[in-house]
Amino acid sequence: MYGNAYISPEEAKQMQSQQDDPKQLALFEARVAKGEKVEPGDWMPTDYRKQLIRMIEQHAHSEIVGALPEGTWITRAPNFRRKLALIAKVQDEIGHGQLLYSAAETLGKTREQMLADLLSGKSKYSNVFNYPAKTWADIAVIGFLVDGAAIVNQVINSKGSYGPYCRALERICYEESFHLKQGHDNFVYLATGTPQQRNMLQEALNRWYRPLLHFFGPSDKASQHSEKLMKWRVKLASNDDMRNQFLDQYVPKILELDLTLPDPNLKKNDAGIWEFSDPDWDEFKRVINGDGPCNAERLAVRRYAEEAGRWVRNALMRKEEKYVVPLA
Amino acid sequence: MNTATKDLLYKMADDAFIIGHRNSEWTGIGPMLEEDLAFSSMAQDKIGHAWALYKILNEQFGEADADVLGFQRKANDFKCCQFVELPIGEYDFSLVRHFLFDHAEYLRYEALSESSFEPLALLAKKIKSEIKYHTMHADTLLRQLANGSEEAKARIQNALNYSWHFALGIFEESSAENELISNKVFIGEDALKSQWIEKVSSIIDAAGLKVPVTENTKIILGGRKGTHSEYLQPLLTEMTEVLASDPNAEW
């Protein structure tokens, strides 16, 4: 699962100051324009490398942190079928993290460094995982809608220009489509179950509506760095376009189950664009900067895993197998 | 005969179910992502084994549905050994439990693949082929950690010393042991225990670790008769939390 890479205004400014050899840059841009994939040893603009590391790293963190809210329900899943499906699903997310850290490593940053930056707060992960999974119905909403939103994002990104990331995303999307099925099955089960189950689902849906709107990030149509990233096929659709695609696919599926969404202004206009109330972008900024309902808890769990497991990693590490940066 | 076979199936299913539940608790917090994945995979296998064994109880002996057997029995109806109930603790304990328990499992299913009770023999063949990979995983990490650093070696040795008498509790005999043996359903716990001691001792030795000394009075028994550690009830309470929230619902 994943949201969109978030670029802070300071980082955006910094990005525009990087200078590359104009000839190399022109060749690179011509290759990307032809739809060629960029591979680890190839020349690439400094900002391209930086932005991809940041984006893939955020994605990887989102996978392993995203495993935590769902992971707490593995021990409470109510029967064999649900228990096995949920373990397999969460295991897949960890596997996606592993795959993505490897993809990011091809750009010159080690997994250890990325995990250290996660714990120090220097590198981000998707906001959506800083909200609690309060009930079993949250698991249904996450499995159906958060995974659904992630698929919208990842299918688009898998058409990007960086080979290792695209290949990782193709495999991830394939697995995510199974997650979506188990999420949908669970969602429909609760929606068509006892009044208590329906009520639990509706409440979870109300809780997740805003984080889901935030999922694709703030409106970015006007931003300049976004244009450069689109030209380099690092970013392939605007946040607004992806959000609209998600609403278009999923709102009807929710409404047809006689559930509601907590926004009187949510509607599709004549131009086919979904309109909704302001989802409070200040909250989005607060959460991405560390002040969400579960930021501290999520990082504390990751910190525990890092610290408690250090003796294992140290004992298994062979000096001669040290990571080598595969730079061009 | 049915009672003896049912008892055997229950204790095996309960062992697999509870250790699977415990293994699944590593998902997301392992010492490295590769170990999250490994424990998570093994959890799925174990819970799958439990499911299949409960299904035999349901289909061959008219016991309740597998979901009822797994999720709706009282703690003292469970026949798992106390070893599997213990919390996951730190990775050293979980790895050593996995090593000791899975070798017992492998040998048990290997013996059962010759069982005169055909549904169990068929299932045992399949399960054995999966557990082979669990023991390979345990053996590899045990060996690497025992030779990786002084700290790791000391931790693994301590975990072995702590776990040993719990592990011997796996082989607690049932009252119908002789009946199972004479009817060729199962070779019996005592024979299995001898095979297991020989097997794990050779691996522990080869890793440069010490095989703990067995003191018969210290073996942790009771699980097979429904006497459990203080950890089983909280595990079951957590496991049935969703189910208990709306007992009339289907999930």
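Because only heavy atoms are used, hydrogens play no part in the values below, and waters and symmetry mates are left out as well, while side chains stay in. The sequence lines fix the lettering, A, B, ..., with proteins before strands; numbering per chain opens at 1.
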side-chain contact (heavy atoms from CB on, under 4.5 Å) between A:Trp73 and B:Val242, intermediate numbers included: CA-CA 9 Å; A:Trp73 285 93; B:Val242 173; 3.5 Å; yes
Report yes if the side chains of B:Trp251 and A:Arg81 come closer than 4.5 Å at any heavy-atom pair, otherwise no. no
Among the listed options B:Ala66, B:Ala43, B:Gly30, the residue most often paired with chain A at heavy-atom distances under 4.5 Å: B:Ala66
Quick one: do B:Met32 and A:Leu316 satisfy side-chain contact (heavy atoms from CB on, under 4.5 Å)? Show the steps, please. CA-CA 11 Å; B:Met32 51 216 173; A:Leu316 296 177; 3.1 Å; yes
Of B:Glu151, B:Gln144, B:Glu250, the largest count of non-hydrogen pairs under 4.5 angstrom with chain A goes to B:Glu250
Find the distance between CD1 (A:Ile74) and OG1 (B:Thr27) and round it off to the nearest 0.5 Å. 4.0 Å
Counting heavy-atom pairs under 4.5 angstrom with chain A, the leader among B:Leu243, B:Leu141, B:Asp67 is B:Asp67
Can you say whether the rings of B:Tyr54 and A:Phe80 are parallel (under 30°), tilted (30 to 60°) or perpendicular (over 60°)? tilted
Hey, is CZ on B:Phe61 packed in by over 12 heavy atoms from elsewhere, all under 6.0 Å? yes
Is it true that a side-chain atom of A:Gln196 and a backbone atom of B:Ala249 form a donor plus acceptor pair closer than 3.5 Å? no
Okay, A:Leu190 and chain B: the region with an atom under 4.5 Å from a heavy atom over there is side chain
Shortest non-hydrogen contact between B:Phe71 and A:Ala77, atoms and distance: CE2-O, 3.3 Å
Taken to the nearest 0.5 Å, the spacing of A:Ile87 CD1 from B:Glu25 CD works out to 10.5 Å
Is the backbone of B:Pro31 close enough, under 3.5 Å, to the side chain of A:Arg313 for a donor and an acceptor to pair up by distance? yes
With a cut-off of 6.0 Å (strictly less than), are more than 12 heavy atoms of other residues, nucleotides or ligands near OH of B:Tyr231? no
A:Lys83 side, atom NZ; B:Phe17 side, atom CZ - distance, nearest 0.5 Å: 5.0 Å
Got a salt bridge between B:Glu90 and A:Arg310, using NZ or NE/NH1/NH2 to carboxylate O under 4.0 Å? no
Just give me the residue among B:Arg22, B:Gln72, B:Met239, B:Gln44 that pairs up with chain A most often, heavy atom to heavy atom, under 4.5 Å. B:Gln44
Contact leader toward chain A among B:Ala244, B:Ser40, B:Gly28, where contacts are heavy-atom pairs under 4.5 Å: B:Ser40
Keeping A:Gln91 on the side-chain end and B:Leu37 on the backbone end, is there a donor-acceptor pair under 3.5 Å? yes
Do the side chain of B:Arg155 and the main chain of A:Val312 share a donor and acceptor less than 3.5 angstrom apart? no
At a heavy-atom distance under 4.5 Å, which candidate from A:Arg111, A:Met200, A:Glu307 has the highest pair count against chain B? A:Arg111
Spacing of B:Leu33 atom CG and A:Leu100 atom CG [to the nearest 0.5 Å]: 10.5 Å
Cut-off 4.5 Å, heavy atoms of chain B, and the answer for A:Ile94 is both
Structural part of A:Arg76 lying under 4.5 Å from a heavy atom of chain B: both
Side-chain contact, heavy-atom cut-off 4.5 Å: B:Glu241 with A:Trp136? no
Measure B:Leu236 against the heavy atoms of chain A and call it side chain, backbone, both or neither at under 4.5 Å. neither
Separation of B:Asp92 CG from A:Trp311 CH2 (nearest 0.5 Å): 4.5 Å
